[in-house]
*Asks:* 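Structure provided below as structure tokens; questions to follow.
All values below come from the heavy atoms of this structure, side chains included, with hydrogens, waters and symmetry mates left out. The model shown is predicted, which means the values in this text are computed figures rather than measured ones.
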Amino acid sequence: MMPQQSMDRCEVSENCHHHSPGVQGSQRRLVSGLLLWVGLLTVSHVVSITLLVITRPHALPLPEIVSAPKPTADSSLSIPLEPQRVPWQMLTFEPTSIDDNDVSVARSGIKWKTQSKANNFVSLKGGSLTINQDGCYFLYLQVTLETPEVSGQHIVRVNKPNSVLLEVRMTNTSLSTGFLGRAVDLAASDTLTVTVSPGARINTSYTATYLGIIGPKLYL
């Protein structure tokens with residue numbers, strides 16, 4: 001009995017020695033495969049990070065914000081503010097009161113007055129208008145009569161020396177010229193007159209009869 005058991009142990013021992021090299025080879029191949037897989041993953045991660053860094057747009061540097069100096073009480077007082085200048089000026093005139101029985105004033109020229117104090121480009125003296133500066137002016141006018149003449153026709157003119165600037169005819173169907181306007185060239189010392197022919201009584205209300213002049217402002 002003892003010799004047989006010894007032989008069985010030898011066979012088992014030999015079988016174990018025969019199988020151990022194969023098992024070790026399998027383990028080596030498994031470890032090699034895992035190392036290869038880890039290496040590939042590492043390389044792929046490195047490539048991905050490199051591409052991300054290369055293709056990422058470079059951020060532009062933010063502009064430096066320079067804050068403006070705060071004004072002080074002394075600096076605000078040291079810089080004088082230049083007054084705003086308006087290149088044009090408008091003056092409006094209305095007729096002076098006329099005696100109901102006197103029509104010669106309307107025939108020779110309506111006398112004017114104004115409430116405006118800024119009249120440096122036009123002088124008003126004795127109801128007459130005198131231009132003080134050469135330039136282009138815009139004139140606008142409306143004349144309304146109290147009653148028409150028997151003829152039923154009146155001619156209203158805006159005149160300067162030796163020239164008619166505006167002219168309109170009124171028939172017996174209307175007592176007003178309506179609004180008239182025109183741009184004209186005037187010279188210094190030109191006088192402006194508004195005449196009605198034949199003479200008639202003028203409605204002196206400022207909404208019915210008026211004369212306006214728009215011209216360049218003088219800076220004296």
Side-chain angles (χ1 to χ4, degrees), residues 79-149 151-172 174-220:
I79 303 176
L81 297 178
E82 185 176 353
Q84 185 177 6
R85 295 185 174 184
V86 180
W88 298 96
Q89 186 176 1
M90 180 177 65
L91 299 175
T92 303
F93 303 89
E94 58 185 271
T96 59
S97 299
I98 301 174
D99 192 304
D100 291 343
N101 298 321
D102 186 4
V103 295
S104 62
V105 175
R107 183 180 295 110
S108 60
I110 300 175
K111 301 303 179 181
W112 301 98
K113 63 181 179 179
T114 182
Q115 302 298 327
S116 176
K117 297 180 180 179
N119 56 358
N120 51 13
F121 66 85
V122 177
S123 296
L124 179 62
K125 186 177 181 180
S128 299
L129 305 178
T130 302
I131 301 299
N132 295 330
Q133 174 180 285
D134 298 347
C136 181
Y137 295 81
F138 183 80
L139 306 179
Y140 59 93
L141 170 75
Q142 178 172 294
V143 174
T144 303
L145 305 180
E146 289 285 357
T147 57
E149 285 292 298
S151 63
Q153 179 173 285
H154 295 271
I155 301 176
V156 179
R157 294 187 179 95
V158 180
N159 310 279
K160 72 175 184 177
N162 303 319
S163 178
V164 177
L165 303 176
L166 282 172
E167 179 177 301
V168 62
R169 297 175 182 268
M170 289 188 293
T171 64
N172 55 2
S174 176
L175 295 178
S176 177
T177 61
F179 182 87
L180 304 174
R182 181 190 175 192
V184 295
D185 290 323
L186 298 175
S189 73
D190 278 349
T191 57
L192 302 179
T193 58
V194 180
T195 60
V196 179
S197 180
R201 289 190 300 163
I202 304 298
N203 185 336
T204 57
S205 170
Y206 71 93
T207 59
T209 301
Y210 51 82
L211 171 66
I213 304 177
I214 301 176
K217 187 174 183 179
L218 297 179
Y219 300 104
L220 302 177

*Asks:* So do the side chains of L129 and L211 get within less than 4.5 Å of each other, counting heavy atoms only?
*Replies:*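 Side chain of L129 against side chain of L211, heavy atoms only: contact under 4.5 Å found.
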
*Asks:* Are side-chain heavy atoms of Q142 and T177 found at a separation under 4.5 Å?
*Replies:*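 They are in contact (side-chain heavy atoms under 4.5 Å apart), so the answer is yes.
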
*Asks:* Going by heavy atoms in the side chains, are T92 and Y206 under 4.5 Å from each other?
*Replies:*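 No, their side chains stay 4.5 Å or more apart.
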
*Asks:* For the backbone of K113 and the side chain of E94, can you confirm whether one donor and one acceptor N or O come within less than 3.5 Å of each other?
*Replies:*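 A pair under 3.5 Å: no.
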
*Asks:* What pairs with T191 under side-chain hydrogen bond (donor to acceptor under 3.5 Å, both in side chains), at least two apart in sequence or on another chain?
*Replies:*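 Expected list: none.
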
*Asks:* Enter the distance from N132:CG to F121:CZ here, rounded to the nearest 0.5 Å.
*Replies:*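 The CG atom of N132 sits 9.0 Å away from the CZ atom of F121.
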
*Asks:* With sequence neighbours left out, what residues match F138 under side chain to side chain contact (heavy atoms under 4.5 Å, CB included)?
*Replies:*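 Side chain to side chain contact (heavy atoms under 4.5 Å, CB included) list for F138, sorted by chain: Y140, A183, I214.
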
*Asks:* So, using side-chain hydrogen bond (donor to acceptor under 3.5 Å, both in side chains) as the criterion, who are the partners of S205 when residues are at least two apart?
*Replies:*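 With neighbours one apart ignored, the set is T207.
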
*Asks:* Please set out all donor-acceptor pairs under 3.5 angstrom arising from side-chain atoms of residues 159-167, sequence neighbours excluded.
*Replies:*
residue, atom, partner, partner atom, Å
N159, ND2, T195, OG1, 3.4
K160, NZ, D185, O, 3.2
E167, OE1, R157, NE, 2.8

*Asks:* Does a side-chain heavy-atom distance below 4.5 Å link V158 with L180?
*Replies:*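 Not touching, per the 4.5 Å side-chain cut-off.
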
*Asks:* Between Y210 and F179, is there a side-chain heavy-atom distance shorter than 4.5 Å?
*Replies:*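 The answer is yes; the side chains approach within 4.5 Å.
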
*Asks:* Please give me the minimum heavy-atom distance between L124 and W112, naming the atom from each residue.
*Replies:*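 Scanning both residues, the minimum pair turns out to be CD1-O, 3.7 Å.
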
*Asks:* If I compare all heavy atoms of K111 with all of S128, which pair ends up nearest, and what's the gap?
*Replies:*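 Here K111 and S128 meet closest at NZ-OG, 3.9 Å.
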
*Asks:* Which residue is it: L145, T204, V143? I am looking for the one with a side-chain contact (heavy atoms from CB on, under 4.5 Å) to T209.
*Replies:*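 With T209 as partner, L145, T204, V143 yield a single side-chain contact (heavy atoms from CB on, under 4.5 Å), made by V143.
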
*Asks:* Looking at H154 and R169, would you say the former's side chain and the latter's main chain have a donor-acceptor pair under 3.5 Å?
*Replies:*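 No, the answer is negative, given that no donor and acceptor are paired below the 3.5 Å cut-off.
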
*Asks:* Under the side-chain hydrogen bond (donor to acceptor under 3.5 Å, both in side chains) test, which residues partner Y137, sequence neighbours left out?
*Replies:*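 Expected list: none.
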
*Asks:* In chain order, what residues pass the side-chain hydrogen bond (donor to acceptor under 3.5 Å, both in side chains) check against T144, with sequence neighbours excluded?
*Replies:*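 S176.
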
*Asks:* Should L139 and L192 count as side-chain neighbours, where that means a heavy-atom distance under 4.5 Å?
*Replies:*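 Touching, per the 4.5 Å side-chain cut-off.
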
*Asks:* With a 3.5 Å distance limit and no angle check, can you tell me whether T130 reaches the backbone of S189 through a side-chain donor-acceptor pair?
*Replies:*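 Here the side-chain-to-backbone pair does not exist.
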
*Asks:* To check you understand the geometry: which heavy-atom pair defines the closest contact between V156 and M170, and what is its length?
*Replies:*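 Closest heavy-atom pair between V156 and M170: CG2-CE, 3.8 Å.
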
*Asks:* After noting the C-alpha distance and the side-chain angles of L186 and D134, does the key distance pass the side-chain contact (heavy atoms from CB on, under 4.5 Å) rule?
*Replies:* CA-CA 6 Å; L186 298 175; D134 298 347; over 6 Å; no

